[in-house]
Structure formats: C-alpha cells, structure tokens
Amino acid sequence: MNGTPVRRGQTWHTPATVSVRPVPTPLPPSVPELAREVALPHTPRLLRVRSRVFLTTLGAFLLLALPLALLASLLLRGGLHRTFADRALRESQLVATLPPVTAALGGQPAARRQLNGLINRYRLVLGADYIVVTDRAGIRLTHPTPAEVGRHMVGGDFGAFLRGQSVTETVQGTLGPSVRAKVPVFSSDGRVLGLASVGFLLPRVGDVFWSVVRAGLPWYLAALGLALLLSNIIARRVRAELLDLEPEQVAGGLLHYRTVLNTLEDGVLVVRAGQIHVMNPQARALLGAAERRLPVPLADLLPALLASPGGRSQTLQLGRRPVLVGVQLAEDGAEVITLRDLARVQALADELTQSRRYAELLRAQTHEFTNRLHTLAGLLHLGETEEALRLIHAQSARHTAQADAVRRLGHVRLAALLLGKFDRAAELGVTLSLDPLSALPEHLAPGVAEVLELATGNLVENACEAASGTPDAQVHVLVAQDPEGVVLEVRDSGPGVAPELARTLTGRGVSTKGRGRGVGLALVQQRAAALGGTLVHDRVTDAAGRWWTRFTLDLPGGAP
C-alpha cells in the first residue's frame with residue numbers, strides 16, 4: 001500500500017514513503033571493550049577455545065592412555081598366562097606324588113580302575129580344567145571326558161618326561177587350547193612310570209583377564225572424566241584471560257595496535273612500576289636502544305625524566321638531540337610516555353610561521369595592488385592619462401629594481417621572500433632596502449638555506465613592525481658570505497629593544513606585542529644554535545649620527 005494514492009472525500013492523497021533504516025545490532029555484553037575499538041578477525045569456521053581444549057585433552061588422553069591400557073592389558077595377560085603355567089606345574093607335581101597315581105602306573109588293576117574317578121574329583125577341588133595321567137607310552141589313564149580314556153595324549157613334547165624333566169606348554173589339546181604342565185611320575189626306585197598333566201583352558205584365562213579389565217574400567221573412565229572436567233575449567237579460565245576472545249582475535253588485535261605504534265612518528269613508551277614494557281621503533285631510535293630486550297628499567301634510558309606521575313611535558317637532551325617528552329597516566333596505572341623530536345616539531349612550527357608570513361605578504365601585495373588600481377582608475381576617470389602612465393612606469397621601475405636587487409642572492413625562495421617583504425614594508429610605511437653587497441654562493445651547507453630563510457622572514461618582519469610609525473622609517477638588510485660562513489644583518493630605525501627584554505628577547509613567548517607572540521626569534525635562535533650559529537642584537541649609529549637597532553645572525557659553513 002506504500003505510495004498508492006488514497007481517496008479522501010474528493011481529494012486524492014499519496015501517502016508519504018517511510019524509509020526504515022536497519023537498527024545496528026548491539027554487541028552482546030560478553031564482548032569486551034577491545035572488540036568495540038578495533039575490527040577483530042571473524043573466525044566462524046574455527047572451534048571455540050573451550051571446544052579446542054576439550055578435544056585436545058580428549059585426544060591426548062586417548063592417544064596416551066589407550067596404548068598404555070593396551071600395554072597394561074598385554075602385561076596382565078602375560079602375567080596371567082605365567083601364573084596359570086606356574087599353578088599347572090605345582091599342581092602337576094602334586095598329582096605326580098599321589099599314591100593312587102603311582103599305584104595305578106605301577107600295575108595295580110584296582111587302583112587303575114578307580115584312578116579316573118578319583119582324579120576327576122580331585123580336579124574339581126583344584127579348579128583345573130583337566131588332569132591327565134598317562135603311562136610311558138602316552139596312553140591316558142584319566143581324562144574329564146571318559147571316552148578319551150585309553151587314547152593317546154595329543155600335543156606337546158613327549159620326550160622330556162621320559163628323561164625326568166618337567167615342562168609347561170601352551171598346546172591345542174582335545175578340549176581346546178590350554179596351558180598345561182607335564183611332570184614325570186617316578187617309582188620308589190626312581191624309574192619313570194608315566195606323567196601327570198594339569199591344564200587350564202585359555203578361555204578360562206581370557207575370562208580372568210576380562211574380569212580384571214572390567215574391574216579397572218571404572219577407574220579408567222573416572223580418570224578420563226576428571227581430565228575432561230579439568231580441561232573445561234582450564235578452557236574457561238583461558239577464555240576469561242583472553243578477554244572472552246578467540247586466540248586468533250587476540251592476535252589480530254595485537255597486530256592492529258602494533259601497526260599503529262610502529263607507524264606513529266612519535267616515540268611511545270609504556271611504563272609499569274618503573275619498567276618499560278612497550279617501546280615502538282621510533283622510541284628505540286631516539287633512545288639508542290635498538291637491541292635492548294624488554295622490559296628495561298626506565299632509569300637506564302631516561303634517567304633525567306622525573307618519576308612523578310601525571311600529565312606533564314618537558315624538554316630533555318638525548319645525546320645531541322633535544323626531545324620533547326610528554327607523560328600521561330593511563331587508567332590502569334601505567335605511564336604512557338611520548339617522545340617527539342624537537343627538531344621535527346620546530347620544523348613544523350617553521351613551516352607554519354612561513355605560511356603565515358607568505359599569507360601576510362600576499363595580503364600586503366593585494367592591498368597595495370588594489371590601491372594602485374583605484375588610483376589608476378581615478379586618474380583615467382579624470383583624464384590624467386600622462387600621470388597614470390608615469391605612475392605605471394614608476395611602479396614598474398621600482399619592482400624591476402627590487403627584483404634585480406634580490407636576484408643577486410642566487411636563491412629563489414629567499415629572493416621571493418624579500419621581494420614580498422618590500423610590499424609588506426610599503427604597507428607599514430617603511431622603506432626597505434637591500435644592501436648592494438648582498439650575495440650568496442650558489443651552494444650552501446645543508447640546513448643553512450632553511451635557517452637563513454626563516455631568520456630573514458622573522459627579522460625583517462620584526463624590523464618593519466618596530467620602525468612603523470616612526471619618522472622616516474627605514475629597514476636595511478644585508479645577506480652575504482664572510483670568511484667564517486654566512487651573515488645576515490637587519491637594521492631598523494625603530495626605538496630599539498626595551499631594556500627589560502634585552503636579556504630574554506630570544507626566549508619563547510617573550511614579546512611586547514601581546515599574548516601568542518614571541519615565537520619567531522625563539523625558533524631562529526634554536527635553529528641557528530643547532531647549526532652552531534649565533535644571533536645577537538645591539539644599537540649602532542651611522543655616519544649621520546642616527547641610531548639603528550641591529551640584529552646579526554652568523555651561520556658557519558657557508559659553502560659545503
């Protein structure tokens with residue numbers, strides 16, 4: 001019905017189409033905060049930690065316990081076999097010494113007739129499966145099966161007992177496979193009359209074996225159940241320690257944070273109880289600890305850092321490199337220390353300052369150009385074409401002279417900066433001049449051109465602002481090479497530096513122009529000091545007795 005016209009009275013209305021946005025499914029309470037901060041790997045095909053630990057424990061138990069149980073069973077079976085063999089030997093020796101046996105084998109007919117019944121009753125008392133008595137020829141006198149009496153005994157060695165030797169053996173007899181012993185029966189004078197054999201069928205041995213196995217099986221299953229219960233408890237504990245995440249998700253989150261730490265431009269340290277536990281490559285490079293293994297005592301790498309917690313920043317000297325150190329206290333009590341290369345921070349500040357200077361120069365040029373256009377428009381409107389042409393030629397000649405003056409410097413960016421400063425000075429009502437002796441070599445040492453450009457922009461701007469508003473305001477600039485390097489001299493006809501600021505003029509934040517100023521000279525001083533240069537200021541007089549404020553920057557190594 002959505003979007004279908006509906007008639008109401010005589011008017012047709014079309015219902016508005018309502019778009020239903022899907023409501024994002026909230027994460028369950030069991031998902032930790034880590035899963036809300038980063039996109040963790042999804043592992044739908046992997047078993048959970050609890051299942052993996054359970055199956056691993058079960059597999060390990062079966063892999064280890066089943067062979068052990070099989071070995072124990074084989075040893076038990078072998079032991080039972082030997083036990084029954086020893087028992088058969090003892091009982092055969094006992095039967096061989098019975099008087100009815102020796103009498104029957106000695107040739108007494110009555111004893112011979114009664115022997116089978118007597119031995120079978122004796123067999124029941126002993127619990128044997130059979131007792132066989134034979135003569136020297138191996139003919140049975142007794143047997144559990146009456147039909148077998150009078151037949152030849154089968155299986156085994158029939159020569160040993162004739163030599164007076166007793167043997168135990170496992171043979172396939174009339175009743176089946178059995179363990180039996182053969183013992184010779186001796187007469188009173190030492191002659192071998194026959195043999196006595198007591199045997200136990202192997203099925204009886206197997207029954208005993210399985211009865212022992214059934215007796216031990218509950219203990220085996222109880223041990224298996226205990227192992228699985230412990231594995232479940234361990235799995236729960238492991239999952240709790242893993243923040244209710246799977247190992248692959250924990251590893252994925254760790255890789256995310258490692259990627260972030262390793263790509264930061266700042267050095268990052270995480271300190272707990274005075275020990276550094278996390279240190280990204282940038283921090284290792286700044287601290288010279290590329291090969292140190294964590295944890296490392298904080299006092300070994302940053303002995304000058306105060307131990308008091310809380311957010312604070314300070315500048316430390318690491319070797320010959322100044323570093324801005326910031327410390328923040330994390331929620332879990334750890335300290336997060338950030339290390340910023342002060343040279344990089346200053347470079348960013350330089351770029352910001354230069355951008356601001358360029359913007360001011362463009363504004364000044366635009367303002368002056370607009371004024372010239374208005375003047376030309378007025379002259380043309382009044383019909384004063386000759387005066388308009390003279391103004392155009394004068395401006396063109398002035399700009400040409402200024403361009404020729406700065407072109408002698410040989411460095412495009414510095415020349416462009418000074419060319420813009422001419423318009424800035426004109427806007428402030430100051431006459432800016434470049435000394436004819438200004439010239440620079442074609443190649444400068446690394447870093448000198450950048451510092452020279454920064455210093456020229458700041459010193460000329462300050463000089464123009466200081467001279468602005470004074471009678472016959474002038475600023476004079478000299479940029480040249482001397483035997484020791486490069487010198488920049490900026491003089492202005494302003495009132496000079498206030499005595500109370502003379503000693504701290506190059507400090508950060510020191511200025512007479514209000515809050516938010518006092519950065520330019522501090523940057524020039526720091527960048528010059530990094531190259532081994534100096535920045536000084538004084539008051540001098542010229543030949544006409546006029547006082548000037550002079551700032552002089554000396555930079556060593558003019559040419560590489």
Side-chain angles (χ1 to χ4, degrees), residues 320 343 346-347 350 353-354 357 401-422 424-425 430-467 473-494 496-497 502-503 505-507 520-560:
R320 299 183 58 184
Q346 291 174 348
D350 293 349
T353 301
Q354 293 294 4
R357 297 300 187 195
Q402 292 173 353
D404 292 339
V406 300
R407 192 176 290 113
R408 293 195 303 269
L409 295 177
H411 291 269
V412 177
R413 292 179 57 181
L414 183 60
L417 175 64
L418 283 173
L419 191 61
K421 288 298 182 182
F422 280 107
R424 172 61 174 166
V430 178
T431 301
L432 175 63
S433 62
L434 182 64
D435 195 293
L437 299 178
S438 296
L440 289 174
E442 182 178 357
H443 299 288
L444 295 174
V448 172
E450 289 77 8
V451 176
L452 195 60
E453 182 181 349
L454 173 68
T456 301
N458 281 280
L459 294 180
V460 173
E461 179 70 19
N462 290 343
C464 291
E465 291 181 355
Q474 297 185 34
V475 173
H476 186 75
V477 179
L478 170 66
V479 185
Q481 184 181 23
D482 61 10
E484 298 180 356
V486 175
V487 60
L488 168 65
E489 181 182 291
V490 179
R491 292 184 296 168
D492 68 82
S493 60
V497 180
R503 293 183 177 274
L505 185 61
T506 57
L521 286 180
L523 287 175
V524 173
Q525 173 68 29
Q526 291 175 354
R527 296 292 298 276
L531 296 178
T534 58
L535 175 64
V536 297
H537 64 90
D538 55 3
R539 292 279 287 175
V540 296
T541 57
D542 57 13
R546 186 174 184 178
W547 285 94
W548 298 81
T549 301
R550 181 175 63 182
F551 281 80
T552 304
L553 173 68
D554 285 306
L555 295 175

Correct closest heavy-atom pair for Leu555 and Gly533 would be CD2-CA, 4.2 Å
Hits for salt bridge (charged side-chain N to carboxylate O under 4.0 Å, His left out) against Asp435, two or more places apart or cross-chain, chain-then-number order -> none
- Query: Donor-acceptor pair, Ser438 side chain versus Leu434 backbone, under 3.5 Å?
  - Reply: no
| Residue pair Leu553 / Val487, side-chain heavy-atom distance below 4.5 Å | no
Looking only at heavy atoms, the pair that brings Leu454 and Asn458 closest together is O-ND2, 2.8 Å
Shortest non-hydrogen pair, Thr549 vs Gly496, comes out as OG1-CA, 3.0 Å
With sequence neighbours left out, the residues meeting side-chain hydrogen bond (donor to acceptor under 3.5 Å, both in side chains) with Gln474 are Asp472
Correct closest heavy-atom pair for Ala467 and Ala473 would be O-CB, 3.0 Å
For Ala425, the side-chain contact (heavy atoms from CB on, under 4.5 Å) test, sequence neighbours excluded, returns Val430, Leu432, Cys464
Notebook entry, point to check: Below 4.5 Å, heavy atoms only, C-beta onward: do Val479 and Leu440 meet side chain to side chain?
Noted result: yes
Contacts satisfying salt bridge (charged side-chain N to carboxylate O under 4.0 Å, His left out) that involve residues 535-545 (not counting sequence neighbours) are Asp538-Arg550
By side-chain contact (heavy atoms from CB on, under 4.5 Å), Ala415 pairs with (sequence neighbours left out) Val406
Those residues at least two apart in sequence (or on a different chain) that pass side-chain contact (heavy atoms from CB on, under 4.5 Å) with Val536 are Thr552
Heavy-atom nearest pair, Ala463 first then Val490, reads CB-CG1, 3.7 Å
Of all heavy-atom pairs linking Ala480 and Leu437, the shortest is CB-O, 4.0 Å
dist Arg491:CZ -> Leu459:CG (nearest 0.5 Å) comes out at 14.0 Å
Residue set satisfying side-chain contact (heavy atoms from CB on, under 4.5 Å) with Thr534, at least two apart, ordered chain then number -> Asp554
Hits for side-chain hydrogen bond (donor to acceptor under 3.5 Å, both in side chains) against Thr431, two or more places apart or cross-chain, chain-then-number order -> none
